[in-house]
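Report on the following structure.
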Amino acid sequence: LHSVRSFLYPFGEGSHALGVGIEASYLKTGEQAYMGPLELSARLRLTTIRGFDVGGFVNYSMNTLAPDEFKNTPLGRDIATVGLSMKKEASLYYVENQVSISDEGEAKQKLGVIEYVHHYGQVTSASVRAGGRYRGFELGGAAEAILANSHEVKGGAFKKEFGRQRLVTAGPELAYAVDNLKIGVSAQWLIDSTNGTKLDDLGDILGRGVGQGSVSSSLSLRF
């Protein structure tokens, strides 16, 4: 999955400006490339308490993949997410707590003459990021606990309900910043889940990925 993100703060003034972001992505398998999910987002710093920045955010990720053009892969869906973040940045360390709720949704898959409907329940998550800084380097880690309501699959005479699912992910992150340029690498692994549940079962390709985990690299420019 490759993505390009732009995030700007055109509304409001000072520390309470409202930020608006767009993220476009595409998926590549072999010689084929497909337009991936498109995400729109907004972020607002609400207040600062004891050095912690408290902000709210809203993300809307729109699935652009038709089941008949991207076969035998995890299914994606449209997802709206609202959340609250609490962040503190200092010269030697950073720490951020975040809680969010994503709405339920559906994805359809046609196998032969039978159409299967995957219904994904509401997803609640709590995550933490923390690390140290030294001479432009940042070294830390992140962990996330996810609780997803029932994932149900129906098609023809077939019907299966997986019940509430628990997933816990964790992994390291490393970055180097010079002036306004920042290069980073990170990883996440699924370290615990209910009855072998994978990230695929959330239907959130762009947000939380698929499978048992992932390794990512990033390049960002702040202006």
Side-chain angles (χ1 to χ4, degrees), residues 1-5 7 21 23-29 36-39 41 43 55 57-61 63 65 70 73-77 79-89 93-103 105 107 120-133 137-149 151 162 164-177 182-220:
L1 175 70
H2 307 265
S3 68
V4 178
R5 175 186 298 173
F7 206 91
E23 182 169 3
S25 61
Y26 73 94
L27 295 155
K28 188 174 182 181
T29 58
L38 174 66
E39 183 173 277
S41 58
R43 190 175 294 267
F57 61 90
V58 178
N59 299 332
Y60 184 58
S61 180
N63 181 48
L65 296 169
F70 206 55
T73 62
L75 299 178
R77 61 184 175 107
I79 305 175
T81 302
V82 296
L84 189 69
S85 68
M86 293 144 282
K87 186 175 185 178
K88 186 169 186 176
E89 300 221 21
Y93 70 91
Y94 63 92
V95 60
E96 180 180 13
N97 289 350
Q98 186 171 288
V99 293
S100 67
I101 298 177
S102 301
D103 67 341
Y120 300 95
Q122 188 181 74
V123 177
T124 303
S125 78
S127 64
V128 58
R129 293 178 59 246
R133 291 184 167 131
F137 286 96
E138 296 181 0
L139 176 62
E144 182 178 23
I146 304 167
L147 187 62
N149 286 343
H151 174 201
F162 295 90
R164 178 170 284 184
Q165 300 161 323
R166 175 195 71 256
L167 302 93
V168 180
T169 66
E173 52 186 29
L174 172 67
Y176 178 71
K182 188 173 184 178
I183 302 171
V185 292
S186 63
Q188 65 164 356
W189 293 283
L190 188 61
I191 60 175
D192 182 54
S193 66
T194 304
N195 298 326
T197 299
K198 301 187 296 296
L199 295 171
D200 307 48
D201 298 309
L202 301 175
D204 189 358
I205 296 174
L206 180 59
R208 295 185 174 93
V210 297
Q212 301 286 346
S214 62
V215 177
S216 307
S217 62
S218 63
L219 174 66
S220 59

Measure the [atom1]-[atom2] distance between [X] and [Y] for me, rounded to the nearest 0.5 Å.
X      : Y      : atom1 : atom2 : answer
Asp200 : His151 : CG    : NE2   : 10.0 Å
Asn149 : Ser102 : CG    : OG    : 11.5 Å
Leu147 : Arg166 : CG    : CZ    : 9.0 Å
Arg133 : Tyr93  : CZ    : OH    : 10.0 Å
Tyr120 : Asp103 : OH    : CG    : 13.0 Å
Glu96  : Glu89  : CD    : CD    : 8.0 Å

How close do [X] and [Y] get, heavy atom to heavy atom, and via which atoms?
X      : Y      : result
Glu23  : Ser3   : OE2-OG, 3.0 Å
Pro172 : Trp189 : CD-CZ3, 3.3 Å
Leu190 : Lys198 : CD2-CA, 4.0 Å
Gly55  : Leu84  : O-CD1, 3.2 Å
Asp204 : Gly207 : OD1-N, 2.9 Å
Pro37  : Ile205 : CG-CB, 4.5 Å

Inset, instruction - Decide if atom CZ of Phe7 counts as having more than 12 heavy atoms of other residues, nucleotides or ligands within a radius under 6.0 Å. - result: yes
Inset, instruction - Determine whether more than 12 heavy atoms belonging to other residues, nucleotides or ligands lie under 6.0 Å from atom CZ of Arg5. - result: no
Inset, instruction - Go through the steps to decide whether Tyr94 and Lys87 satisfy the test side-chain contact (heavy atoms from CB on, under 4.5 Å), and finish with yes or no. - result: CA-CA 8 Å; Tyr94 63 92; Lys87 186 175 185 178; 5.8 Å; no
Legend entry - Worked verdict on Gln188 versus Leu199 for side-chain contact (heavy atoms from CB on, under 4.5 Å): CA-CA 11 Å; Gln188 65 164 356; Leu199 295 171; 3.9 Å; yes
Legend entry - Any donor-acceptor pair under 3.5 Å from Arg77 side chain to Ser61 backbone: no
Inset, instruction - Check whether any side-chain N or O of Asp192 sits under 3.5 Å from a backbone N or O of Val168 as a donor-acceptor pair, and report yes or no. - result: no
Legend entry - Side-chain touch Phe162/Thr194, heavy atoms, less than 4.5 angstrom: no
Legend entry - Side chain to side chain, Arg129 and Gln98, heavy atoms closer than 4.5 Å: no
Inset, instruction - Return the orientation label for the His2 and Tyr26 ring planes: parallel under 30°, perpendicular over 60°, tilted otherwise. - result: parallel
Legend entry - Residues Val123, Ile79; criterion side-chain contact (heavy atoms from CB on, under 4.5 Å); working and verdict: CA-CA 10 Å; Val123 177; Ile79 305 175; over 6 Å; no
Inset, instruction - Check whether the side chains of Thr169 and Arg208 place a donor and an acceptor atom closer than 3.5 Å, and report yes or no. - result: no
